[in-house]
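In what follows, a structure is listed as structure tokens, so that the remarks can point back to it.
We name chains A, B, ... by the order of the sequence lines, and we start the count at 1 in each one. The figures here come from the full heavy-atom set of this structure, side chains too, leaving out hydrogens, waters and symmetry mates.
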Amino acid sequence: MTAVVTRFAPSPTGYLHIGGARTALFNWLYARHHGGRFRLRIEDTDRKRSTEEAISAILDGLAWLELDCDDEVVYQSTRAERHAEVAERLLAEGKAYRCYCTPEELAEMREHRMAAGYKTRYDRRWRDRDPSEAPAGVPPVIRFKAPMEGQSVVADLVQGEVRSDNDQFDDIVLLRSDGTPTYTLSVVVDDHDMGVTHVIRGADHLTNAFQHSFIFDALGWDTPAFAHLPLIHGADGARLSKRHGALSVGAYRDMGYLPEAMRNYLLRLGWSHGDDEIIPTEQAVAWFDLDAVGRAPARFDLDRLASLNGHYLRETADARLAALVAERYADAHGAAPDADALGLLERGMAGLKTRAKTIAELTDNATFYLAERPLVPTSKAAKLLHGDGAAVLACLAPTLAAIERWDAEALEAATRAHAEREGVKLGSVAQPLRAALTGTTVSPPIFEVMEVLGRGECLARIEDAGAAAT
RNA sequence: GUCCCCUUCGUCUAGAGGUCCAGGACACCACUCUUUCAAGGUGGAGACACGGGUUCGAUUCCCGUAGGGGACACCA
């Protein structure tokens with residue numbers, strides 16, 4: 001039993017999207033679970049569409065998801081020579097041939113054969129033709145001699161045994177007329193050379209797997225095990241596309257999702273372990289295997305991601321959350337919170353984090369800890385302060401100022417006693433207090449907030465509110 | 001058009017012939033806790049696409065229909 005080697009092989013034509021991220025995750029998990037290696041190959045084969053930005057977006061995306069890869073990253077474009085060499089070998093062995101058809105000729109053939117109901121697009125006119133008949137000045141492509149009869153089967157670890165009649169496989173191009181390799185040739189050669197044992201990728205490649213198998217066989221190479229994952233669809237069931245909004249993992253990072261939540265979410269899309277829902281990565285590594293991957297495509301559900309994110313948020317250490325909020329706040333306001341402010345955030349985090357689903361929301365809710373006096377209240381909060389609110393606070397202020405031990409417990413006890421003396425409900429005191437201290441009508445428990453904020457700041461904010469109300 | 005794959009609550013799924021008048025989670029609705037809002041707790045509504053078989057018995061096996069998805073480039 002050789003050690004497992006998996007690989008993630010994106011083409012750098014855009015950001016790392018949700019589907020790619022899940023493919024990467026499954027490859028990574030499979031490798032980690034089996035104590036194997038997880039490799040990265042950038043499929044930048046010539047293509048004008050491949051860009052440096054896309055490559056770094058993919059690298060960043062994987063780094064954010066904390067899917068570390070082993071060995072060096074392979075750039076497919078650097079391997080064209082080796083690919084061509086393999087094509088030549090196939091040619092020499094009579095397993096491939098030169099085809100001199102022009103693109104126009106092929107387009108016409110395709111159209112005609114399609115209309116006539118043929119199973120293949122290319123009529124194989126050069127397959128058995130004598131090379132001496134080659135037209136002068138036409139650079140040929142090299143085509144693979146696909147089997148024409150019988151049936152083939154791909155033993156897929158997810159899809160099961162998939163069969164197909166051989167009469168519908170075209171003799172695909174291996175090497176273009178300009179000598180560059182096509183995708184089909186490149187994957188096979190690279191997977192072999194990289195020692196890949198398990199090819200885990202999207203189901204959109206299922207049909208290609210037949211062609212890949214043919215080539216592996218023709219070369220006398222061991223065919224890796226295949227596992228084709230069902231695709232991820234948008235919430236409407238249609239294929240994921242631009243109109244579904246954010247597709248890149250970077251966009252989710254920016255929206256304030258945690259990588260561990262994203263991993264957990266993606267993991268449960270198509271894979272399950274009984275009724276388990278919350279599956280931290282360590283547990284996933286221990287449990288993951290391909291036999292529990294389903295075959296039906298799944299829809300992307302933002303609510304589910306948000307819920308999971310809320311869960312992980314609540315489990316995250318306050319210091320890390322405070323740092324993430326500070327970073328976000330700095331991005332939005334241009335100034336990073338100082339050490340004192342960071343301390344406030346960290347101490348306030350316990351009350352804050354049960355009230356947010358994303359870091360973005362958390363940051364919004366935390367701004368009252370970071371804002372400079374005097375606070376600018378929301379309109380609802382201002383309304384509370386302009387009514388009897390100001391008077392209520394003015395009446396309460398001396399009581400608060402006289403408190404000896406400034407903590408939530410003492411503050412609540414004193415305020416409750418005050419409300420009772422005044423014959424009012426606690427709420428009618430607490431709400432104006434909240435408005436004055438946080439500038440909003442919704443916040444963590446107000447006495448907790450007061451403890452974190454400290455005596456001086458609280459009394460000052462109450463005074464500010466009183467001044468603004470007059 | 002040809003070939004391949006898929007089909008359990010709105011969504012993700014458990015279920016591998018009787019344990020299922022189908023279980024969990026998210027979302028939703030109540031109630032509860034409560035100084036606000038959350039979180040938490042309790043409860044509720046909600047699905048085996050359809051039609052044939054096979055079987056004493058099908059969500060589970062087979063066939064068909066419908067619907068969805070994928071692949072059919074000198075793209076990857």
Sugar-phosphate, base or nothing in reach of [X], heavy atoms under 4.0 Å:
| X | answer |
| --- | --- |
| A:Asn365 | nothing |
| A:Cys99 | nothing |
| A:Arg143 | sugar-phosphate |
| A:Ile278 | nothing |
| A:His228 | nothing |

Please state how far atom [atom1] in [X] lies from atom [atom2] in [N], giving the value in whole angstrom units.
| X | N | atom1 | atom2 | answer |
| --- | --- | --- | --- | --- |
| A:Gln211 | B:rA73 | CD | C1' | 12 Å |
| A:His17 | B:rA76 | NE2 | P | 16 Å |
| A:Asp178 | B:rA73 | CG | P | 19 Å |
| A:Glu111 | B:rU2 | CD | P | 18 Å |
| A:Leu206 | B:rU2 | CG | C1' | 16 Å |
| A:Met109 | B:rC72 | CE | C1' | 16 Å |
| A:Asp123 | B:rC72 | CG | P | 20 Å |
| A:Leu106 | B:rC72 | CG | P | 16 Å |

Response to the item:
Between A:Tyr118 and A:Ala9, whichever has its closest RNA chain B nucleotide further toward 5' is A:Tyr118

To the side chain of [X], which of [options] is closest?
| X | options | value |
| --- | --- | --- |
| A:Val162 | B:rC5, B:rG69, B:rC74 | B:rC5 |
| A:Leu231 | B:rG70, B:rC26, B:rC4 | B:rG70 |
| A:Ser11 | B:rA76, B:rC74, B:rC26 | B:rA76 |

Practice prompt. Give a yes or no answer on whether the side chain of A:Asp156 reaches the backbone of A:Val158 with a donor-acceptor pair at less than 3.5 Å.
Written response: yes

Look through every strand shown and name the nucleotide pairing with [N] as Watson-Crick or G-U wobble, where both distances are under 3.5 Å.
| N | result |
| --- | --- |
| B:rG67 | B:rC6 |
| B:rA38 | none |
| B:rC61 | B:rG53 |
| B:rC28 | B:rG44 |
| B:rA22 | none |

Worksheet item: Has A:Arg121 got its NZ or CZ under 6.0 Å from the middle of the six-membered ring of A:Tyr118, at an angle within 45 degrees of the ring axis?
Response: no

Any ion pair linking [Y] and [X] (charged N to carboxylate O, less than 4.0 Å)?
| X | Y | answer |
| --- | --- | --- |
| A:Arg416 | A:Glu420 | no |
| A:Asp190 | A:Arg7 | no |
| A:Glu85 | A:Arg89 | no |
| A:Arg355 | A:Glu448 | no |

Take atom [atom1] in [N] and the same atom in [M], then report the distance between them in whole Å.
| N | M | atom1 | answer |
| --- | --- | --- | --- |
| B:rU2 | B:rG18 | P | 39 Å |
| B:rA30 | B:rA39 | P | 14 Å |
| B:rC74 | B:rG69 | P | 26 Å |
| B:rC48 | B:rU35 | C1' | 48 Å |
| B:rG23 | B:rC62 | C1' | 27 Å |
| B:rU8 | B:rC61 | P | 13 Å |
| B:rA22 | B:rA45 | P | 11 Å |
| B:rC20 | B:rA47 | C1' | 12 Å |

Worksheet item: How would nucleotides 6-16 of chain B be written as a contact map, 5' to 3', with B for base contact, S for sugar-phosphate-only contact and - for no contact, using protein heavy atoms under 4.0 Å?
Response: SS---SBSS--

Fill in: Contact state string [nucleotides 34-40 of chain B, B base, S sugar-phosphate only, - no protein heavy atom under 4.0 Å]
-BBBBSS

Fill in: Below 4.0 Å: OP1/OP2 of B:rU2 and any side-chain N or O of A:Arg121
no

Worksheet entry | Side-chain N or O of A:Arg110 closer than 4.0 Å to phosphate OP1/OP2 of B:rU2 | no

Worksheet item: Can you find an N or O donor on one side and an acceptor on the other, under 3.5 Å apart, linking the side chain of A:Ser164 with the base of B:rC3?
Response: no

Worksheet entry | Aromatic ring pairing A:His198/A:Tyr30, orientation class (parallel under 30°, perpendicular over 60°, tilted between) | tilted

Item to complete: Show your reasoning for whether ring-ring contact (aromatic ring centres under 6.0 Å, His included) applies to A:Tyr265 and A:Phe300.
Response: CA-CA 9 Å; A:Tyr265 176 69; A:Phe300 187 80; 5.3 Å; yes

Worksheet item: What do you reckon, are the aromatic ring centroids of A:Phe288 and A:Trp271 less than 6.0 Å apart?
Response: yes

Worksheet item: If we only count heavy atoms from C-beta on, is the A:Thr399 to A:Arg421 side-chain gap below 4.5 Å?
Response: yes

Discussion item. Could you work out, with side chain to side chain contact (heavy atoms under 4.5 Å, CB included) as the rule, every residue matching A:Asp364, not counting sequence neighbours?
Written reply: none

Practice prompt. Could you tell me whether A:Gln283 atom CD has more than 12 heavy atoms of other residues or ligands within 6.0 Å of it?
Written response: yes

